[in-house]
Amino acid sequence: MAMSCKDGNKLGCLDNGKYVRYTPEQVEALERLYHECPKPSSIRRQQLIRECPILSNIEPKQIKVWFQNRRCREKQRKESSRLQAVNRKLTAMNKLLMEENDRLQKQVSNLVYENGYFRQHTQSTTHATKDTSCDSVVTSGQRHLTSQNPPRDASPAGLLSIAEETLAEFLPKATGTAIEWVQMPGMKPGPDSIGIIAISHGCTGVAARACGLVGLEPSRVAEILKDRPSWFRDCRAVDVLNVLPTANGGTIELLYMQLYAPTTLAAARDFWLLRYTSVLEDGSLVVCERSLKNTQNGPSMPPVQHFVRAEMLPSGYLIRPCEGGGSIIHIVDHLDLEPWSVPEVLRPLYESSAVLAQKTTMAALRQLKQIAQEISQPNVSSGWGRRPAALRALSQRLSRGFNEALNGFTDEGWSIMGNDGIDDVTIAVNSSSEKLMGLNLPFANGFPAVSNAVLCAKASMLLQNVPPAILLRFLREHRSEWADNSIDAYSAAAVKVGPCSLPGSRISGFGGQVILPLAHTIEHEEFLEVIKLEGIGNSPEDVMMPRDIFLLQQCSGMDENAVGSYAELIFAPIDVSFADDAPLLPSGFRIIPLDTGKEASSPNRTLDLASALEIGSAGNKSSNDFSANSTCMRSVMTIAFEFAFESHMQEHVTSMARQYVRSIISSVQRVALALSPSNLGSHVGLRTPLGNPEAQTLARWISNSYRCFMGVDLLKSTSQGSEILKTLWHHSDAILCCSLKALPVFTFANQAGLDMLETTLVALQDISLEKIFDDHGRKTLFSEFPQIMEQGGHLFIEYGKASFLRKGSSLEGVER
């Protein structure tokens, strides 16, 4: 490439030099353009030269090289920052591992000493009589415990004595010396892990311990962890009944805490607790808790109806400031959940330390890391412009509403209805004003909704030989296998005030389910999304023109390798505004594994369209691996569905809800049978489509839109399921999709489309639609596109030409 160099001192030539030197003004102009579009196409680069006179003496290839170098420098800068952050995490993690190693070495030394001691005294202990030795051991142990735990009173001095004893018992657990800890199955420490997770082995009750590094100051960490209902989904309420300051600057709090029952087969738990907050000599902040019992002669709390009083053994949080900012935190949860009070089939759930670790210990650490990430990236928004805190609040409301319906406490207004002679489905009704608040919204036509009660139909069932994660994934991706569209429309009518105006709602639908992602947690163990059910009528006026229904949905527990985690799918219809305080009536599924052993797993199916195209061998491998593992797995599925209704319709709605839940139970049993290792891959009436539903829906949209507006088929009519993805991706024509925004942005292109734009699938979203047109094309685009959006039109780009299509008319093609 040749160019004329008028100023040889400032601008070198590519003919005889290896680089080009730009003037500061040119660099400033290029930087400004880089921030607008980091990867311009060849057409866009030529346009830049025409629009910016200062770049007129630079050829397009030079600009292409400059942008390549600029992207490389940006990538190196980001990589350097990432490596520095990883180095800091590795340094802190190394410190934790060294402490853990010292603890294990001390534990080994103690075991060696105890082993030698027992060997020396084996003969002397065998000479003692059996009865005498047993009595002496038991009675001496009782006398020892009694001397260590003298009766106390409820005065500040007595409470301080209990608090100091709690602290003394908690610290050895936090440092790992008081309980025999084993590594949590499936959890490996590393720079990208949540932390070091351990569970108890052979101790009273269930216990879990976590160590991790978080980018928050100790006081902020303590503040978050004390607010247990904000991060512990099973926590119904924590009431602080009394606060007493101590002489050392700490505080003693008396708490009453209630936990939801995870299933309809067991009662909820409550705790009467003392919480002690203090600062150690080394500057570490300690928050420790324990249950108050009658044996301590402290303040008492009478039993509460519908709750089983459980015990919290010394537990809490040890928070140490970290050099360079942040905190190193040790979390210990040690509970006795009274497993004797639940049916025998559920006792493994209440005797599993892995379940406690997943639901409580790791949940606390995840919450801290999530908030730390949000603070470090304050300008990041997700989910259609929503702040992460607002989305977390919506997710929390979904979980809380589902737990409320599942437990049906009388103090919240729930009352149990009589059954129809079969006890498989429980019906509860709530007519309280608080439950109905926000549901009685006026419709767009002026007629108000008159729902004055909420009904919940719930049931539990035992599942065998099907992994909860696999079953939940199927229920999420294939809603048509179990859901009834008319019931969804009825549920949506309670909160729907008009045509939904969420992003994507104006896209012409062809039936089916579309998953629109909103947010996910830091480890992707939980997803918040909007489900679009296309073309479903929810009123008589919708018969001729069906509307779309939108559900806010929370999904968690889809990792088949996560031991002890619940699998949950909770959803609720959302109204037109989708406000942060929008009324929610959550329904859904909860699948609880009863076997703490590692579940059978199959490779996760990718959510990337390009990766989903390579489905031949992967799909067969998934089936074979899953079938090979015939481990017996047991789980309990709990189903709860809520419906708002008018009081005079109670009998009809009760009958409808009961039959609907029974039909869902039947469908789930059929799905579970099909997904069991013995039947997976055989013809039992269910066939799991390969690839993910979002990719298949996108392919179906494109094919149907093309047929509708062009009058010909884009793909072969015989293409079904995964074949549509392959055919679409390898189609000879360039196929591109744009988002319906004021400034359209590309969201998908097949291989031919990517080649035409000279970009990749990852960088596609950096290209806006107007950047590929010349001046005349942009003028036509901006003048006609708003009308196309209003009329539900489509824009097709193929063979380098753009065609605007509207209902009943078309615009002349605009050359690229």
Side-chain angles (χ1 to χ4, degrees), residues 226-242 253-273 275 291-292 299-312 335 337-338 341-342 346 350 359-360 393 396-419 423 425-440 451-460 494 570 572 581 583-588 590 638-645 647 650 653-654 657:
K226 284 185 175 183
D227 186 14
R228 193 179 262 110
S230 68
W231 55 265
F232 185 23
R233 297 292 175 83
D234 288 349
C235 184
R236 185 192 184 206
V238 176
D239 295 330
V240 180
L241 303 183
N242 198 4
E253 299 168 278
L254 299 182
L255 312 176
Y256 175 65
M257 180 173 69
Q258 292 180 343
L259 302 185
Y260 290 110
T263 175
T264 59
L265 303 177
R269 265 49 183 170
D270 65 351
F271 297 83
W272 172 232
L273 303 172
R275 181 164 68 193
S291 288
L292 292 172
S300 61
M301 168 69 69
V304 179
Q305 189 179 10
H306 306 304
F307 286 88
V308 173
R309 182 64 49 85
E311 179 183 2
M312 178 183 290
L335 305 176
L337 295 172
E338 306 293 341
S341 64
V342 302
L346 288 181
Y350 289 78
K359 296 297 294 180
T360 309
Q396 179 76 7
R397 288 181 57 205
L398 277 177
S399 292
R400 187 174 187 85
F402 183 77
N403 279 323
E404 287 178 357
L406 193 65
N407 285 260
F409 294 117
T410 56
D411 59 355
E412 292 176 348
W414 290 99
S415 58
I416 302 298
M417 305 296 295
N419 58 46
D423 290 333
V425 179
T426 301
I427 302 294
V429 174
N430 193 331
S431 302
S432 65
S433 57
E434 293 184 1
K435 185 68 176 176
L436 297 170
M437 188 177 299
L439 289 181
N440 294 320
S451 299
N452 52 19
V454 174
L455 180 144
C456 177
K458 50 191 175 181
S460 294
I570 304 172
D581 58 349
L584 298 177
L585 279 181
S587 304
R590 174 177 290 158
T638 297
I639 305 171
F641 278 75
E642 289 190 272
F643 306 93
F645 65 97
S647 57
Q650 178 170 320
V653 175
T654 298

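Counting from 1, the numbers follow the sequence of the chain as shown.
- No side-chain heavy atom of Pro262 sits less than 4.5 Å from a side-chain heavy atom of Thr638.
- A salt bridge does not link Arg269 with Glu311: every distance from a Lys NZ or Arg NE/NH1/NH2 to an Asp or Glu carboxylate oxygen is 4.0 Å or more.
- By the 4.5 Å heavy-atom criterion applied to side chains, Leu455 and Phe645 are counted as neighbours.
- With no hydrogens or angles considered, a side-chain donor-acceptor pair links Ser460 and Thr263 at under 3.5 Å.
- Of all heavy-atom pairs between Tyr260 and Arg233, the closest is CD1-O, 4.1 Å.
- Geometrically, Arg236 does not engage Phe307 in a cation-pi contact defined by less than 6.0 Å to the ring centre and at most 45° from the axis.
- The nearest pair of heavy atoms linking Asn452 to Ser647 is OD1-N, 2.8 Å.
- Residues Cys456 and Val454 form no side-chain contact, since every pair of their non-hydrogen atoms from C-beta on lies 4.5 Å or further apart.
- For the atom pair CG of Asn430 and OG of Ser415, the computed distance is 7.5 Å after rounding to the nearest 0.5 Å.
- In this structure, Met257 and Cys235 have side chains that are in contact, with non-hydrogen atoms separated by less than 4.5 Å.
- Under a 3.5 Å cut-off, the side chain of Arg309 and the backbone N or O of Met301 do form a donor-acceptor pair.
- Listed by first and then second residue, the salt bridge (charged side-chain N to carboxylate O under 4.0 Å, His left out) pairs involving residues 253-263 are Lys226-Glu253, Glu253-Arg275 (not counting sequence neighbours).
- Using a 4.5 Å cut-off on side-chain heavy atoms (C-beta onward), Gln396 and Ser230 make no contact.
- When side chains are defined from C-beta on, Ser300 does not count as touching Leu292, because their heavy atoms never get closer than 4.5 Å.
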